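This structure is a prediction, so every number in the text was calculated from the model and none was measured.
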Amino acid sequence: MPTLSTLGVLAVVLPLLYIYTASMAQTRMPTLRNKRICLLIAHPDDEAMFFAPTVLALTRPENGNTVKILCLSSGNADGLGETRKKELAKSGLLLGLAREDDVYVHDSPDFPDSMTTTWDASKISSLLCSAFAPHLAAQKAAANTTAPTAAIDALITFDGSGVSSHPNHISLYHGARAFVGALTRGKPGWASPVDLYTLTSVGFLRKYTGFLDMFATVFGLLVGARKKSDKGNPGAIVSMNALVGARESYGAARAAMTEAHKSQMVWFRWGWIALSRYMYINDLKLERVKS
């Protein structure tokens with residue numbers, strides 16, 4: 001059994017180790033710079049509950065990125081859709097977005113807020129094409145000497161497990177892959193103009209270890225080195241919030257939930273905020289998508 005003195009040492013050493021690791025992640029680990037980036041989410045509060053470390057890192061002024069959020073539902077399952085739209089805009093500003101209109105909510109019967117509904121990936125892909133590649137049909141008709149283009153450089157969303165296994169989250173993954181694949185369909189030899197990054201889902205124990213998940217995250221990064229994209233962007237991106245103080249901090253992520261998404265602050269959300277590793281750490285992987 002560990003002694004009280006051992007526990008006391010760990011209570012000091014582990015936070016200090018995380019503070020050092022987070023500092024290295026914020027200053028030395030590869031990230032996206034000078035890119036047009038869209039975060040694709042399913043519901044207002046996804047950006048705060050799951051992606052806060054990523055958004056805080058990418059909106060760092062010196063990185064020169066333009067970051068926007070596209071949400072495919074207003075989260076109206078409880079009749080609070082209009083309230084939640086406003087909360088999302090406020091959260092986006094707290095996480096570093098430049099303007100309220102950098103947040104767009106696409107409220108459509110095609111994408112209901114539901115724990116039991118899988119959204120149509122082709123409809124998600126079509127929406128993304130109309131938003132970010134409206135000239136796709138003309139580009140496909142042109143000679144293969146014309147490179148495919150898009151209005152964004154990177155798209156970020158959930159992975160195939162959706163972090164929480166929510167079917168709306170998982171649908172975004174399949175829709176995003178369909179969109180990126182469509183960009184180069186019929187254009188052999190050309191790289192996609194959009195790199196797709198997905199947020200890594202982890203098991204239950206890791207999900208609720210807070211900042212202590214740094215050990216498993218860093219280990220996974222070291223043993224699973226990933227190639228850069230065809231455009232030279234990182235194969236993996238790790239973002240870690242500082243414990244206190246800094247702009248990219250746990251406190252900033254917490255505020256995005258507690259100060260912006262007040263309608264969602266039921267008792268179990270407090271448990272998530274206190275224990276979830278996603279409030280501290282995000283690791284994104286580059287998806288390899290065939291046309």
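- Note on Leu222: it clusters hydrophobically with Val238, by side-chain heavy-atom contacts below 4.5 Å among ILVMFWY residues.
- Under the 30°/60° scheme for interplanar angles, the aromatic rings of His43 and His166 are found to be tilted.
- Trp270 and Phe211 fall within the same hydrophobic cluster, where Ile, Leu, Val, Met, Phe, Trp and Tyr residues are linked whenever their side-chain heavy atoms come under 4.5 Å apart, directly or through other members.
- In this structure, Tyr197 and Thr157 have side chains that are not in contact, with every pair of non-hydrogen atoms separated by 4.5 Å or more.
- Aromatic pair Phe219/Phe215: centroids not less than 6.0 angstrom apart.
- Note on ring orientation: taking the six-membered ring where Trp is involved, the planes of Tyr280 and Tyr250 are parallel (angle under 30°, cut-offs 30° and 60°).
- For Glu82 and Ser74, the side-chain atoms include no donor-acceptor pair closer than 3.5 Å.
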Exercise. Checking salt bridge (charged side-chain N to carboxylate O under 4.0 Å, His left out) for the pair Arg60/Glu248: CA distance, chi angles, key distance, verdict?
Worked result: CA-CA 8 Å; Arg60 193 185 304 154; Glu248 295 169 51; 2.5 Å; yes

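- Scanning for side-chain hydrogen bond (donor to acceptor under 3.5 Å, both in side chains) contacts around Thr117 gives Ser114, with sequence neighbours left out.
- Qualifying side-chain contact (heavy atoms from CB on, under 4.5 Å) partners for Pro30, counting only residues two or more places apart in sequence or in other chains: Pro234.
- In this structure, Thr198 contributes its side chain and Asp159 its backbone to no donor-acceptor pair below 3.5 Å.
- Residues meeting the salt bridge (Lys or Arg N to Asp or Glu O under 4.0 Å) test with Asp213, sequence neighbours left out: Arg206, Arg277.
- Every residue two or more places apart in sequence or in another chain was checked for a side-chain contact (heavy atoms from CB on, under 4.5 Å) with Ser23, and none qualifies.
- Glu259 and Lys90 are not joined by a salt bridge, as no carboxylate oxygen comes within less than 4.0 angstrom of a charged side-chain nitrogen.
- Cluster membership check: Val13 does not share its hydrophobic cluster with Tyr20, using side-chain heavy-atom separations under 4.5 Å among Ile, Leu, Val, Met, Phe, Trp and Tyr.
- For the side-chain contact (heavy atoms from CB on, under 4.5 Å) test, residues two or more places apart in sequence or in another chain that qualify with Ala48 are Ser91, Ala256, Met257, His261.
- At a cut-off of 3.5 Å, with distance as the only test, a side-chain donor of Ser229 or Asp195 sits close to an acceptor on the other residue.
- In summary, of the residues considered (Arg36, Arg33, Lys68), a salt bridge (charged side-chain N to carboxylate O under 4.0 Å, His left out) with Asp153 occurs for Arg36 alone.
- Comment: Glu287 engages Arg177 in a salt bridge, judged by a side-chain N to carboxylate O separation of less than 4.0 angstrom.
- Partners of Tyr104 under the side-chain contact (heavy atoms from CB on, under 4.5 Å) rule, at least two apart in sequence or in another chain, are Leu70, His106.
- Below 30°, between 30° and 60°, or above 60°: for Phe50 and Phe158 the angle between ring planes is above 60°, a perpendicular geometry.
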